[in-house]
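Notes follow once the structure below has been shown.
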Amino acid sequence: MQRVFSGIQPSGIPTLGNYLGAIRNWIKMQDDHDCIWCVVDLHAITVWQNPAELRQQTLEMTAVLLACGLDASKHILFLQSAVHAHARLAWIFNCIARLGWLNRMTQFKDKAGKDRENASAGLYVYPNLMAADIHAYHATRVPVGDDQRQHLELANDIAQKFNHDYGVDFFPNIEPMILGPAARVMSLRDGTKKMSKSDPSDQSRINLSDDADTIALKIRRAKTDPEPLPSEVAGLENRPEARNLVGIYAALTDTDHAAVLRDHGGAGFGTFKQVLTDLVVSKLSPIAAETERLLKDPDLLIQTLRIGAARAAEIADPIVAETERLVGFIGMQER
Ligand code: TRP
C-alpha cells in the first residue's frame, strides 16, 4: 500500500468548505491507504498565534477530525511539534532548497502581503518544512487543495536535489492528489469567493459547530438569484450562488451537479434551500455533537495524540537518522 501523508493547520473549528474540500476526502482514503494525518502546529506559528488560542484550536481540530470519522487506531493522527524529525529534516532541507525556488512561491507572496520585510523567516521556509513533513515518512501520495500544488512541486525538487547532491536514491517522488473543484465550497454571500474562516461575516460560512437553527438561518439568508433551478448544468452558467448551493448538495449526497438538477430542476430557492438545510443539518449535527463530547475530555484527546506521535516517530526517526548519516553527521543517538 502506498503511504499517504497530509497536514492541516490548527485553525479551530473548520467550515463546511474545509470539510468537503479536505477532511471528508481524508476519511474516504482510509479504506484503501496507510494514512498519516498531521495537525501542523509548527506551520501555524509562521504567523503570530496567541498561545492559549493555539492550544485550544489544536484540541478543536483534533476533536473535529476524530468526530468526522478519522480512525486514529488504524491510521496515525499526531501533532507536528511532537515529532522532532520534522524540524530536524526541515533544517537539512533549508540547506538544500535554493533562494530562487522559494522566491517563486506565490503563497508566500500572498501571505506576506505588502510588508514583506516584516514577514517571519519561518513563513519564507514554510514549504521546506512541508517537504520535510512528507519526506520524513517516504510518503508518496499527498492529498491537498490546489493552492498547495506549488509546494508539492518544490518538495519534489528538494528530493531530487538531495538525491543528486548525495548520489543516492533515497527520497521518492511525491504524487500530488489535487482535490477537485467539485469539493470547492464558496461563500454563502458571494458565490465567486471561497468559503473561508477569515471572512469577516460569519453569515458567509457554515461552521462544523453550528447548530440546526444557525445552519437554517444562514442557508435561508444565502445569496441567490430570482430564477428557479435549471434542469441542466449549462443553466448554472453565470449563476455562481446557484452553482454553489447545488454543489454543496451534490457533495453531501456523493453525486454531481447534473444529478441534483435532474431531481430538483425547476424548484425555486425557497424549496431547494429547505431540502438543502435538512441535508446539511443531518450530516453536520452528529459531527458537532461528537466534537463537543470529545472536547469535554482534553486529556483523552492528548492521550490519543501521544500514541499517534509515538507511532509517527517510529517511522520518521530512522528515515531522518539515515538522512543525517548521508549528509555526514556522525549521529550519537544511533550507537
Ligand atoms: N500547507 C498545508 C495547507 O496549508 C498544510 C500542510 C503542512 C501539509 N504540511 C503538509 C499538507 C504536508 C500536505 C502535506 O493546507
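These numbers come from a predicted model, not from an experiment. Position 1 is the first residue of the sequence; numbering continues from there. Side-chain atoms are counted along with the backbone in the values below, which use heavy atoms only and exclude waters and symmetry mates. Indexing begins at 1, ligand by ligand and atom by atom, following the structure's order.
- Contact check on Asp202 versus Lys218 returns a salt bridge, with a Lys/Arg side-chain nitrogen under 4.0 Å from an Asp/Glu carboxylate oxygen.
- The side chain to side chain contact (heavy atoms under 4.5 Å, CB included) test applied to Ala63 returns Thr291, Leu294, Leu295, Leu301, not counting sequence neighbours.
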*Check the pair Gln160 / Asn156 against side-chain hydrogen bond (donor to acceptor under 3.5 Å, both in side chains), numbers first and verdict last.*
CA-CA 6 Å; Gln160 265 178 33; Asn156 277 335; over 6 Å; no
Quick one: table the atom pairs, ligand 1 N or O against protein N or O, below 3.5 Å, distance rounded to 0.1 Å.
{"residue": "ligand 1", "atom": "1 (N)", "partner": "Tyr126", "partner atom": "OH", "Å": "2.6"}
{"residue": "ligand 1", "atom": "1 (N)", "partner": "Gln148", "partner atom": "OE1", "Å": "3.0"}
{"residue": "ligand 1", "atom": "4 (O)", "partner": "Tyr126", "partner atom": "OH", "Å": "3.1"}
{"residue": "ligand 1", "atom": "9 (N)", "partner": "Asp133", "partner atom": "OD2", "Å": "2.7"}

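- Within 6.0 Å of the CD atom in Glu232, the count of heavy atoms belonging to other residues, nucleotides or ligands does not exceed 12.
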*From CA spacing to verdict: side-chain hydrogen bond (donor to acceptor under 3.5 Å, both in side chains), Ser11, Gln57*: CA-CA 6 Å; Ser11 41; Gln57 294 187 348; 6.0 Å; no
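- Salt bridge present: Asp225 and Arg239 bring a charged side-chain N and a carboxylate O closer than 4.0 Å.
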